[in-house]
Each structure stands twice: as structure tokens, then as C-alpha cells.
Enquirer: 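This is the structure I have questions about; it appears just below.
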Amino acid sequence: MRKKVTLTALLLIFIFSISAVANAAVQASEYIQEARADTNVNSQGTVTVAFRIIGTDIMDVLGAKTIILQEQAPNSSQWTAIATYKAANNANMLGYNTATYSSSVSYSGAKSGYSYRAKVYFYSEKGGYDMVEYIAD
């Protein structure tokens, strides 16, 4: 019985460690070589979400289709969407005929003591396409 409990505990630790590493960077699809994003809050209350994506070749379209900025109140476990940025309304979110693309979006109004993260939906297209979600803390 003790062996089963130990084995189960080790298996759970392994599974959770894999999921934590999975968000380190999006890697290796047919269209996306690597993608990552970071969220930064400055002392003036501006949240900046910076991202970079590398295609597997010179891609027709490369970048982020959607970025959803979320905040978490102190002592809360819930994340609430506070802003959504779409490439259709933000020309700087997509690049064309390029192998790499980086850009950023900014939000003014960060609250002291709150945490911020962004869900970035990376997009790459050349003949076909791929879109992947990345959570940037």
C-alpha cells in the first residue's frame, strides 16, 4: 500500500512539473518554431505585453491574433479579463513575409497589489496555419 501511495505521489509530481515547463515557450509545430511572451507592469501603472514568434520559414503571416489581458486581485485565485487586443484592430500584432516577428501592446490602469498576465494566441500561416495559446505571467 505504501508503495502505491509513493508511486502515485511521484507520478503526480511528474505530471505537474511537465505542465509547468510546457508554458516556458511554445515550440516545434509545422508553422511555429518558437513563441514566447512576457508581461511587465511599470511604476506608472502601465502593463506591457511583449511577444516574439519565430516561424519555421519565411511565413506569409506571423504574430499574435488575440491577446487577452487578465488581472488577479490580492488574495484571490480568480483571473478576470480586463482588455482584449485583436490583430484586426491593432496592425502591429501581425507581420507579413517574415521569419520572425516581435511587438507589444500596452494597457494603462494597472492597480497596485494586483497581478497581471496575458493569454496570447500566436498565429503563423504559409499554405496552412497554426494557432497556439501561451500564458505570459
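Treat the numbers as computed from the prediction; the structure is a model and nothing was measured.
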Enquirer: Check whether Ser115 reaches the backbone of Gln72 with its side chain - one donor and one acceptor, N or O, closer than 3.5 Å.
Expert: no
Enquirer: CZ of Arg52: more than 12 outside heavy atoms within 6.0 angstrom?
Expert: no
Enquirer: Please check: side-chain N/O of Tyr96 versus main-chain N/O of Met59, any donor-acceptor pairing under 3.5 Å?
Expert: no
Enquirer: Is there a path of hydrophobic side-chain contacts, each under 4.5 Å between heavy atoms, that joins Val61 and Tyr85?
Expert: no
Enquirer: Give a yes or no answer on whether the side chain of Asn42 reaches the backbone of Val47 with a donor-acceptor pair at less than 3.5 Å.
Expert: no
Enquirer: First locate atom CD of Glu34, then atom CD1 of Ile54, and finally report the distance between them rounded to the nearest 0.5 Å.
Expert: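 Reported to 0.5 Å precision, the distance equals 5.0 Å.
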Enquirer: Just wondering, do Met131 and Lys65 contact through their side chains at under 4.5 Å, heavy atoms?
Expert: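 Of all side-chain heavy-atom pairs linking Met131 with Lys65, at least one is under 4.5 Å.
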Enquirer: Do Phe51 and Ser103 have side chains that get closer than 4.5 Å, going by heavy atoms?
Expert: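 In contact.
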Enquirer: Please report, to 0.1 Å, the donor-acceptor pairs under 3.5 Å made by any side chain of residues 118-128, with sequence neighbours excluded.
Expert:
{"unit_1": "Tyr121", "atom_1": "OH", "unit_2": "Glu133", "atom_2": "OE2", "d": "2.6"}
{"unit_1": "Tyr123", "atom_1": "OH", "unit_2": "Glu125", "atom_2": "OE1", "d": "2.4"}
{"unit_1": "Ser124", "atom_1": "OG", "unit_2": "Tyr31", "atom_2": "O", "d": "2.9"}
{"unit_1": "Lys126", "atom_1": "NZ", "unit_2": "Asp57", "atom_2": "OD2", "d": "3.1"}
{"unit_1": "Lys126", "atom_1": "NZ", "unit_2": "Ile58", "atom_2": "O", "d": "3.1"}

Enquirer: Looking only at heavy atoms, which two atoms of Ala87 and Ala64 are closest? And how far apart?
Expert: CB-O, 3.7 Å
Enquirer: Taking all non-hydrogen atoms of both residues into account, name the closest pair between Gln33 and Thr56 and its distance.
Expert: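 Between these two residues, the closest heavy atoms are N-CG2, 3.8 Å.
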Enquirer: Could you tell me whether a side-chain N or O of Thr98 sits under 3.5 Å from a main-chain N or O of Tyr101, the two making a donor and an acceptor?
Expert: no
Enquirer: Once you round to the nearest 0.5 Å, how far does CG of Asp38 lie from OG of Ser104?
Expert: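 So the gap between those two atoms works out to 11.5 Å.
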Enquirer: Between Ile53 and Ile32, does a side chain to side chain contact (heavy atoms under 4.5 Å, CB included) hold up when you go through it step by step?
Expert: CA-CA 7 Å; Ile53 180 171; Ile32 299 172; 4.0 Å; yes
Enquirer: Checking the side chain of Thr39 only, and the main-chain atoms of Tyr116 only, is there a donor and an acceptor separated by less than 3.5 Å?
Expert: no
Enquirer: Just distance, no hydrogens or angles: give the donor-acceptor pairs under 3.5 Å from side chains in residues 73-82, sequence neighbours left out.
Expert:
{"unit_1": "Ser76", "atom_1": "OG", "unit_2": "Gln78", "atom_2": "N", "d": "3.1"}

Enquirer: Mind checking whether Leu94 and Val49 sit in one hydrophobic cluster, side chains of I, L, V, M, F, W, Y counted as touching below 4.5 Å?
Expert: no
Enquirer: Would you give the length of the straight line joining atom OG1 of Thr100 to atom CG of Leu62, rounded to the nearest 0.5 angstrom?
Expert: 7.5 Å
Enquirer: Check whether any side-chain heavy atom of Thr84 sits under 4.5 Å from a side-chain heavy atom of Ile67, and report yes or no.
Expert: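 No - every pair of side-chain heavy atoms lies 4.5 Å or more apart.
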Enquirer: Checking side-chain polar atoms at under 3.5 Å, does Asn40 have a donor or acceptor matched by the opposite partner on Thr48?
Expert: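 On atom types as modelled, these side chains do not qualify, holding no pair under 3.5 Å.
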Enquirer: Applying the 4.5 Å side-chain criterion to the ILVMFWY set and letting contacts propagate, would Val105 and Val41 be lumped into a single cluster?
Expert: yes
Enquirer: Run the side-chain donor-acceptor check on residues 107-114: report pairs under 3.5 Å with partners two or more places apart or on a different chain.
Expert:
{"unit_1": "Lys111", "atom_1": "NZ", "unit_2": "Glu71", "atom_2": "OE2", "d": "3.3"}

